[in-house]
Participant: 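Could you have a look at this structure, given as structure tokens, before my questions?
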Amino acid sequence: MFLSGYWLQVVLSWAVVAFATATVVVAVQKAKLEKDLQDVQNKIDIYEEWNGESTHRMKREDTVKYRLPTALVPTHYNLYWHPDLETGSFTGQLRITINVVEATNQIVLHSYLLDITNVYVLNREVDKFELEEERQFLIITLTEELPKDARITLGILFGGQMKDKLVGLYSSTYLNEAGDTRTISTTKFEPTYARQAFPCFDEPALKATFEITVVHPSGSYHAVSNMQQTESNYLGDFTEAIFETSVSMSTYLVCIIVSDFSSYSTTVRANGIGEDFSMQAYATSHQIEKVEFALEFGAAVTEYYIQYYKVPYPLTKLDMAAIPDFASGAMEHWGLVTYRETALLYDTSYSSTANKQSIAGTLAHEIAHQWFGNLVTMKWWNDLWLNEGFARFMQYKGVDAVHPDWGMIEQFQIVALQPVLVYDAKLSSHPIVQKVESPDEITALFDTISYEKGGSVIRMLEALVGSDKFEEAVTNYLVKHQFNNTVTDDFLTEVEAVVTDVEIKKLMLTWTEQMGYPVLNVSKEADGSFQVTQQRFLSNPASYDEAPSDSEYGYRWSVPITYITDDGTEGSLIYDYDVETVPIFVASTVQWIKLNVNQTGYYRVNYEESLWTLLIQQLISNPDSFEIADRAHLLNDAFALADASQLSYRIPLEMTAYLGQERDFVPWYVAATKLRSLHRSLMFSEGYVTYLNYARSLIAGVYEEVGWTVDADNHLKNRLRVSILTTACALGVPDCLEQAAQRFNAFLLNPTSRPSPDLREIVYYYGMQQSTSQSTWEQLFQLFVAETDASEKLKLMYGLTGVLNSQTLFNFLVLAGDENIVRSQDYFTCVQYIAANPVGESVVWEFFREQWLQLIARFGLNNRNLGRLISQITANFASSVKLEEVQQFFVKYPESGAGANSRLEAVETIKYNIEWLARNHADITDWLSGTASALTKKTQL
Ligand code: BES
Ligand code: ZN
């Protein structure tokens with residue numbers, strides 16, 4: 001436990017005051033002092049719970065029971081909504097048909113931030129109704145008990161506000177071509193915000209059918225919802241749009257949009273599995289052409305999923321809409337997927353290759369949910385990974401099916417797997433299946449463990465059972481549980497049923513029920529075989545002493561091992577968690593072995609040094625003897641193991657020698673990411689200059705080769721180019737900075753002619769970085785304010801955060817607080833960008849602490865982006881002074897809302913950073929000043 005000394009002092013000083021004055025103060029004052037003391041003690045308790053032995057725990061024990069009582073089951077909602085775009089408020093009426101499964105005289109459902117104006121129950125008498133803030137309950141008490149098996153109809157009249165929010169039913173605005181502000185209204189309910197738009201039984205297992213009517217202004221406005229519109233009633237100024245009754249679904253999937261958007265349409269071919277249906281894409285009228293790419297890709301990927309799942313698409317249409325203000329990236333409402341504009345709209349004159357890929361990925365993700373998530377839904381949020389992990393896994397398959405030349409299968413490794421391996425090597429991580437109850441805990445669970453670890457272990461499972469068998473299991477699962485809810489075990493049951501030789505559940509529980517993952521240690525035995533042992537992998541060696549041993553599986557895993565050897569042998573075996581060690585027998589002539597082929601397994605592999613040396617020699621003499629994915633894996637594991645002091649830093653550094661021959665995007669992405677992060681870690685250390693020279697020499701060749709001309713149609717080369725140029729600029733390669741500056745200046749002289757979209761972020765950021773003129777920043781700022789394309793606006797915003805002037809960055813931080821300058825949806829991205837600039841880091845930290853109460857007031861403690869901010873902005877802190885500041889901040893503001901885990905992570909990361917420098921600095925600089933300097937001189941950029 002840290003800072004206990006500090007806190008002891010605080011307590012003591014309070015105690016001294018209490019003691020010295022106790023004899024003279026009157027009872028009232030004494031009581032106050034005791035209360036103050038108690039407050040301090042409470043803070044310490046909370047604080048210790050975060051930082052003490054229980055660092056690994058996600059939350060404090062909650063006494064509040066957030067779940068709805070089980071007496072009632074809703075089956076049908078009849079909903080009438082009238083969002084008033086002019087006043088920014090809405091009214092609504094609903095009737096819910098409810099089955100009574102246990103006798104009760106109370107109806108308990110969710111309602112939050114709603115005015116309830118009338119409550120009635122057909123043929124029954126309501127005694128009273130009250131709202132309970134903490135649990136967001138509406139509790140209706142009847143004068144008489146409802147008998148078991150009764151069927152009742154509950155009616156409620158309600159209203160609420162739509163302004164200044166991004167969840168529930170809310171309004172969003174944009175400027176049309178004439179420059180007028182237009183307002184639309186839309187919804188975002190997942191996970192617990194349907195209750196802010198209508199009183200409902202807001203739990204995912206309480207599925208019901210929905211019959212929705214929406215009132216919208218007559219004329220250019222219209223309404224859309226999950227289902228097709230069946231009728232329209234013209235009432236003069238207003239029109240009622242009536243939608244077909246939905247299939248049975250969870251409340252969080254309900255969606256309506258009232259807008260003046262335009263749409264394009266296409267047809268999705270069912271090719272024998274169900275009926276063809278139409279797909280519409282909606283956007284603001286002046287941007288409608290930007291939906292073309294999404295529409296074409298959306299139809300293609302939907303057709304792929306129909307064939308993959310072998311289950312017809314359950315509805316008769318699938319729409320998508322680009323919403324100007326949207327809290328997350330996209331949301332899979334059944335039949336009506338909503339997106340941020342940047343996640344749906346593609347325009348060749350604004351969007352980069354990376355934007356294009358990200359749009360495709362987002363669509364593929366949300367459309368995958370239409371079956372996995374919407375048709376079959378988790379019973380409760382504990383199993384959220386079934387939704388998000390699966391969609392994350394599937395989105396790569398989906399994009400790969402439509403664009404096989406984008407290298408999506410390998411990209412899973414660098415975008416999903418490798419980053420989560422960093423997160424999950426900390427004690428502040430948590431298991432995939434995680435008990436959650438309160439809205440704060442639920443929203444916090446939409447994190448990298450549910451998405452990336454979830455997706456990664458599904459990918460590992462697929463590799464283990466084979467893709468055909470896996471696909472078969474998925475189909476069986478969907479068919480068996482359609483329109484229903486499941487837990488993790490239901491999915492594993494179906495996978496287990498299609499294989500004969502592996503105990504899938506036993507194996508998978510070690511991955512879903514305990515956090516973290518193993519490192520396999522490989523050594524060569526005298527008889528030529530290899531010996532494999534496992535140990536939990538923790539990135540900080542000090543964590544091994546603190547790690548609790550509270551897992552049923554003892555933090556051991558059943559690992560599907562795959563391997564290749566230098567004689568071309570491929571093999572696989574399962575290393576059960578309850579087995580001490582496993583041997584791998586190979587021909588006596590075999591020299592090297594590489595485990596975890598294509599890094600499909602969720603684990604790291606360490607070898608004894610002589611084996612690493614052989615792998616490195618092989619990489620250098622013939623890189624192509626390893627697949628792209630294996631090269632990316634070797635780099636990633638070697639650095640991670642060295643960072644964790646489980647391997648000499650000499651090994652990854654020697655491995656980098658092969659990079660001179662590397663030309664593929666994925667391995668380079670791994671290397672470039674590491675070169676940039678080392679650059680940041682060593683920035684204030686003695687070895688910095690030596691490191692810089694070395695890192696620059698490594699990318700010299702590939703930098704020359706990718707150049708500054710964007711290819712018309714070479715996706716991966718384009719991705720490689722941006723990764724290399726970004727890294728070269730970050731490392732201060734003179735030519736790169738000069739090229740960026742030249743393009744930046746040309747652009748400022750004539751802003752209508754912009755660099756190629758792929759190069760814009762680099763040009764704006766590093767151009768701005770090199771400018772010392774305030775008027776340049778102002779000019780860029782004006783262009784940013786005037787920009788209406790969401791994608792371009794973000795690129796300009798990024799550019800503005802590159803300036804190396806703390807005063808300017810501070811000003812921007814203040815300006816960004818104005819919703820008219822930076823939309824709420826982009827605020828956290830902006831703050832993060834500023835914090836990622838070494839000059840902005842302390843500016844943001846100071847601002848964040850000063851403005852904390854205002855931030856809570858604006859976004860609420862339940863905002864998961866606000867919650868995550870703390871670990872993001874402190875991610876590079878590496879001193880005990882900073883650590884103390886962070887800890888003091890937590891003590892001052894113990895309420896963390898959705899940010900509880902982010903706080904744990906922040907503290908752990910800072911401690912890690914401090915220790916990392918102490919452990920590795922000498923090793924790295926020694927190696928660099930010896931071996932590397934000779935090499936560097938030859939290939940200076
Ligand atoms: N179901 C989520 C949307 C969501 C995210 C709801 C967080 C509640 C909290 C959706 O399927 C999703 O995962 N969206 C991603 C983008 C996607 C490409 C992964 C998001 O919003 O970050
Ligand atoms: Zn999702």
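Counting starts at 1 for both ligands and their atoms, in listed order. Keep in mind that what you see is a predicted model, and the values were worked out from it rather than measured.
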Participant: Is the closest side-chain heavy-atom distance between Glu471 and Lys310 below 4.5 Å?
Facilitator: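 The answer is yes, as the side chains (C-beta and beyond) meet within the 4.5 Å cut-off.
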
Participant: If you look at every heavy atom in Pro83 and Met162, which pair is closest and at what distance?
Facilitator: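 Nearest pair, atom of Pro83 first, then Met162: CB-SD, 3.6 Å.
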
Participant: Enumerate the atoms of ligand 1 whose separation from the nearest heavy atom of Glu366 is less than 4.0 angstrom.
Facilitator: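 With Glu366 as reference, the close atoms of ligand 1 come out as 10 (C), 11 (O), 12 (C), 14 (N), 16 (C), 17 (C).
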
Participant: Looking only at protein heavy atoms, which one is nearest to atom 4 (C) of ligand 1, and how far off is it?
Facilitator: Glu190 OE1, 3.8 Å

Participant: Can you confirm if the NZ or CZ of Lys356 lies within 45° of the ring axis of Phe293 and under 6.0 Å from the centre of its six-membered ring?
Facilitator: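 Yes, Lys356 and Phe293 form such a contact.
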
Participant: Got the closest protein heavy atom to atom 19 (C) of ligand 1, with its distance?
Facilitator: Arg392 NH1, 3.1 Å

Participant: When you measure from the centre of the six-membered ring of Trp406, is the NZ or CZ of Arg719 closer than 6.0 Å and no more than 45° off the axis?
Facilitator: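 No cation-pi geometry.
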
Participant: Need the ligand 1 atom indices (1-based, order shown) with element for anything under 4.0 Å from a heavy-atom of His369.
Facilitator: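 Matching atoms, with element in brackets: 11 (O).
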
Participant: Measure the distance from atom 13 (O) of ligand 1 to every protein heavy atom, then report the residue, atom name and distance (to 0.1 Å) of the closest one.
Facilitator: Tyr451 OH, 2.6 Å

Participant: When you measure from atom 8 (C) of ligand 1 to every protein heavy atom, which one gives the shortest distance, and what is it?
Facilitator: Lys188 NZ, 3.2 Å

Participant: Number the atoms of ligand 1 from 1 as they appear, then name those within less than 4.0 Å of a heavy atom of Thr362, with their elements.
Facilitator: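 Per the distance check, 18 (C).
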
Participant: Answer yes or no: is there a side-chain heavy-atom contact under 4.5 Å between Thr362 and His365?
Facilitator: no

Participant: If you count the atoms of ligand 1 from 1 in the order shown, which ones are under 4.0 Å from a heavy atom of Glu332?
Facilitator: 1 (N), 2 (C), 10 (C), 11 (O)

Participant: Strictly under 2.8 Å, is any N, O or S atom of Glu388 next to the Zn ion (ligand 2)?
Facilitator: yes

Participant: Would you say the ring centers of His110 and Phe137 fall short of 6.0 Å from each other?
Facilitator: yes

Participant: Does ligand 1 have any atom sitting under 4.0 Å from a heavy atom of Arg340?
Facilitator: no

Participant: Measure the distances from the heavy atoms of Ala330 to every atom of ligand 1 and state whether one is below 4.0 angstrom.
Facilitator: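 Within the 4.0 Å threshold, so yes.
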
Participant: How about Gln418 and Gln599: does a side-chain donor come under 3.5 Å of a side-chain acceptor?
Facilitator: yes

Participant: For Tyr827, does the six-membered ring have the charged nitrogen or CZ of Arg858 within the cation-pi criterion, i.e. under 6.0 angstrom from the centroid and within 45° of the normal?
Facilitator: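 Satisfied, under 6.0 Å and within 45°.
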
Participant: Taking heavy atoms and a distance under 4.0 Å, where does His365 meet ligand 1: side chain, backbone, both or neither?
Facilitator: side chain

Participant: Would you mind checking which non-hydrogen protein atom is closest to atom 7 (C) of ligand 1, with the distance to 0.1 Å?
Facilitator: Arg864 NH2, 3.1 Å

Participant: What atoms in ligand 1 come closer than 4.0 Å to a heavy atom of Gly329?
Facilitator: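 With Gly329 as reference, the close atoms of ligand 1 come out as 20 (C), 21 (O), 22 (O).
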
Participant: With Glu292, which residues qualify under side chain to side chain contact (heavy atoms under 4.5 Å, CB included), at least two apart?
Facilitator: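 With sequence neighbours excluded, Glu292 shows a side chain to side chain contact (heavy atoms under 4.5 Å, CB included) to Tyr264, given in chain and number order.
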
